Structures are given as C-alpha cells and as structure tokens.
Undergrad: 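One structure is given below, represented as structure tokens, and several questions about it will come after.
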Amino acid sequence: MKVAKFGGSSLASSNQLQKVIDIIRGDSKRRAVVVSAPGKRFADDRKVTDLLIDYANVVLKKANPVAIQHAILARYQEIATGFNLPAREFQPIHDHIMQLPDHDYPSADYLLDAFKAAGEDNNAKLIAAILNHLGMPSHYLSPREAGLLVSATPGDAQVLPESYAQLAAFKKSKTLLIIPGFFGYTKDGQICTFSRGGSDITGAIFARAFKAELYENFTDVDAIYAANPNIVAHPAAIEHLTFREMRELSYAGFSVFHDEALIPAIEGGVSVRVKNTNHPLKPGTLISARKIYDPKRPISGIASDTGFLGIYIRKYLMNKQVGFVFKVLQILAEYGISFEHIPSGIDDITIVIRERELTPELEPKVIKAIKEAIHPDDIRVIHHYALVMIVGEGIQDHIGMMAKATNSIAQAGVSIVTLDHGASPVSIMFGVREKDEYNAVRGLYKAFFNTETA
Ligand code: ASP
C-alpha cells in the first residue's frame, strides 16, 4: 500500500480537490490519505491555518470572533458546495469551528494548538464526507481514534514511539482512510500540533506504521529543484536524493518537504516521492536510502539560508587547553541557546548560531560570560551571515570538489567567511555575508550544473 499526503495548495478549492480525487482513484494502492488544511488559492490568499491563528488571538483577546469565523467557514463551504454536499453533512464542520472557544484549555498555547489543528481536522472530515457522497467509501480517521500520541509540547510536538503499534492496526482497514495531518494527542488527551508544515510528519508517521511501499507527498511543484528558483532561473529538477542529502538540503532553505518528516521515513525504510498534484504524471523527486548514482552529477543541490551569526573566538594554544570548547558551550546551554555548527582552526573557533537564538539582549551577557570563563585573545560577533551549502553523495568520491566550489565562489566576487566540511561526507558549507548569498549560489550553480543563470 501507499500513503499519500496532500498539501494545502492541493486542497485549497473544490477544483483542486477534484484533482486529488482523480489521483486517489488512479491507483488502488493509495489506501491512506493524509490531508493538510486548505491553503492559498492565489498568491495573496491566506491559509486556513493562518486564519485559525487569527481566530485564536481574537478569542484570547476576548474580542468578537464572528467575522473570522465566517471567513474560515466560507473556505470549507466553497469546497462543499463544489461537490453539492448536503447541508446536514456540513453541519459537524460548522459546529466544530463555531464551538472552538467553548472548551477549556490548560493554557493559551494549548488553545492555539486546538484552533490550528481544526484546519486539518475539518478538512479530513469534509473530504471523507465528499468521497462518501461521491460513492467512494471512506473513513475519517482522527488521530485520537488512531492512537497518535505526541509529547506535551504545543507547537512542536514529537511522536511518542508507542503510537506505532496502535496505528499499525488500521492498516487492515478495507475503507479508504482520510487522516488529518499536523497534530496528535498528548497522554492527557490534549491536542498538540507539530511545527508548521507538519502534515508531512503525520504522513511519514503513518507510512512507517503501515510499512508502506511508498510515501507520496503531493505538493505544487513538479520536483525538488537543485537550487532555489528565486535565486537561479529554471534550476534543474532533481530525480533522486538520498535521505542524507535531503536532510542537509532542507536544513538550509529547501522547504518542499519538512525535515522532521524524514525521521519516521528513515526509521521505517519508506521511500518518499514528492509529486505535483497539478501534473501527477510527472515523475517528481524520489527520496530513498540508497544512492542512484549519476557520475555526471556529483552534487545534487545547492542550498542557502540567511539569519546566522558567528561568535569568533581566538586563543593562542587553544588546542592544548582541555575543556575550552566545553566551557563555551556550557555558557550557551545555560542561556538556552542552541548552536548550529562549529568550524575550528588550531587557535580559533567560530560558533555559528541562528540570529533569533542570540538576541540583542542576550548577546552582551553571553560574550561577557565567555570572556570571564576562558579569557580569549580575541572575541567578536559577526552578524548578517548566510550559509551556502553544496550537497551530494558524490562529494566523497570526487577529487577537486572543494577547489571547484571555492573557485566558483571567488569568481562570483564573494569572500568566504567560514568554511566547514565537518564530518559530513555529503556536504560542504560556506559562510558568506548575507549580501553575497545570491551571488555565491549562482556561482556554484554555474560551476556544478554547467549552466548559465539569469
Ligand atoms: N496547515 C499547517 C501549516 O500551514 C500544516 C501543514 O499544512 O502541513 O503549517
């Protein structure tokens, strides 16, 4: 069997849902369907999840929610009307949205999660009702009925391992399963959502539990591209990626597939295929454990992301001091700051951190604490720093990859601030100034994909 997940833009209107229904009908192995909330129909549109966040905030402020309730219901109603769904079938969706403020929630965070989850929950109910109305027997499988248990961490839930055995029981279902993505239940029975875009995670969890032969992830692009199309015009489509390559790429800006969704897929050994609901015959991109090697393409993709800073620390004979890095990291831990990676030299290290972690209020305190602990010869914070990465299993087997990369960045007129080949054999990471990000990516793309870019 296959698990198919459809993202918000695939379910944004009755027209889009018709395409989804055709895709489900097109392959009898698609027995479990995970759905997002209705997404954007056009560029300036709003996702139902964002409308629900507004709704939660209106309720928390004790303001009048009527306008936002109507805006949300109108999205579902348009889809129901497109399929002539009888009014009585729509009633439970109406009631769920209207009654969200009437429940007791342990805190504002749990309230927010219950509101957000209502986006996928009602879409799954609606889609199951529409499919039954069209004569396709379907069962709305709520995460509560399924036993999808998650940690009590609102907005950032993690699946609890005991869920898998409970979910597996539903593999035998004779009826098509329609499952809402994005949330599960805590052991206390509270709704908790995954991080944003988390319906991908639900799909991967069910694919693992059902030992699916494939997890199909339907979205609105024909493939995962070798570079960001906003930076490089018409980048090459990637036919195949390993899990490791996808993990590295999604770390730095590749957002087509949620990086946390890779974990259940890897654990269960389930391959993932990213496909376009609007062009379902196109092959899309396959993500799997084994490399399908193309000697002409040692690099699979080029990723980049901004919003980093580096704490540069230099101390003569650093290499001889025991516990030097430990002391610095302990200070970061005390302030609750997570770091990204640490390129190092003999006498110096740079600790790369997301700017949002080391806020302007924390920065002087942290620097003072580090100075007191290790008395560095030099310590500086380099702001507005971007990471640019080349990713590919071929990096380990090809000579001259680093030379080619640094050369192309130099030719693009960009100076490299940090360089990290680290322990990962599948990526090389360059730190550059934020203003140089696009030029560095374009230079690398030209060198590795041998194409002129716009
Ligand atoms: N609807 C949720 C979001 O917008 C989850 C998802 O679509 O995957 O983040």
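All ligand and atom numbering here is 1-based and tracks the order in the structure. This one's a predicted model, so the numbers in the text were calculated from it and none came from an experiment.
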Undergrad: Under the 3.5 angstrom rule, does the side chain of R75 hit a backbone N or O of G39 as a donor-acceptor pair?
TA: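 Between the backbone of G39 and the side chain of R75 there is a qualifying donor-acceptor contact (under 3.5 Å).
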
Undergrad: Could you check whether any heavy atom of G197 sits closer than 4.0 Å to an atom of ligand 1, since that is the contact criterion I want to use?
TA: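 Under 4.0 Å: yes for G197.
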
Undergrad: Can you list the atoms of ligand 1 that are under 4.0 Å from a heavy atom of S36?
TA: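 Heavy-atom distances to S36 below 4.0 Å select 6 (C), 7 (O), 8 (O).
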
Undergrad: For atom 1 (N) of ligand 1, what is the nearest protein heavy atom, given as residue, atom name and distance?
TA: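 Of the protein heavy atoms, T49 OG1, 2.7 Å lies nearest.
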
Undergrad: Taking 4.0 angstrom as the limit and counting only heavy atoms of F182, give me the atoms of ligand 1 inside it, by number and element.
TA: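 That gives atoms 2 (C), 5 (C) of ligand 1.
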
Undergrad: Tell me whether ligand 1 is touched by G198 - counting only heavy atoms on the residue side and a distance under 4.0 Å.
TA: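 It does; at least one heavy atom falls under 4.0 Å.
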
Undergrad: Any nitrogen or oxygen of K5 lying under 3.5 Å from a nitrogen or oxygen in ligand 1? Just yes or no.
TA: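 No; every N/O pair is 3.5 Å or more apart.
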
Undergrad: Quick one: do M1 and E213 satisfy side-chain contact (heavy atoms from CB on, under 4.5 Å)? Show the steps, please.
TA: CA-CA 6 Å; M1 66 119 63; E213 67 175 71; over 6 Å; no

Undergrad: Identify the protein heavy atom lying closest to atom 3 (C) of ligand 1, giving its residue, its atom name and the separation to 0.1 Å.
TA: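 Closest protein heavy atom to atom 3 (C) of ligand 1: R196 NE, 3.3 Å.
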
Undergrad: Whether the Q16 and N278 side chains hold a donor-acceptor pair (N or O, under 3.5 Å, no angle test) is what I'd like checked.
TA: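 Looking only at side-chain atoms, N278 and Q16 do form a donor-acceptor pair, the distance falling under 3.5 Å.
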
Undergrad: What protein heavy atom sits nearest atom 6 (C) of ligand 1, and how far away is it?
TA: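 Nearest protein contact, heavy atoms only, for atom 6 (C) of ligand 1 is S199 OG, 3.4 Å.
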
Undergrad: Got a salt bridge between D222 and K275, using NZ or NE/NH1/NH2 to carboxylate O under 4.0 Å?
TA: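 Salt bridge flag = no for K275 with D222.
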
Undergrad: Is R41 salt-bridged to D45, going by a charged N under 4.0 Å from an acidic O?
TA: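 Looking at D45 together with R41, the answer is yes, because their closest N to O distance falls below 4.0 Å.
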
Undergrad: Whether E216 and R30 form a salt bridge (side-chain N of Lys/Arg under 4.0 Å from carboxylate O of Asp/Glu) is what I want to check.
TA: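 A salt bridge links R30 with E216.
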
Undergrad: Flag this pair as yes if the NZ/CZ of R208 is under 6.0 angstrom from the six-membered ring centre of Y164 and inside a 45 degree cone about the axis; otherwise no.
TA: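 Yes; both conditions hold, so R208 lies above the ring face of Y164.
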
Undergrad: Which residue from K40, K47, E120 reaches closest to atom 5 (C) of ligand 1 through any of its heavy atoms?
TA: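 Closest candidate by heavy-atom distance is E120.
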
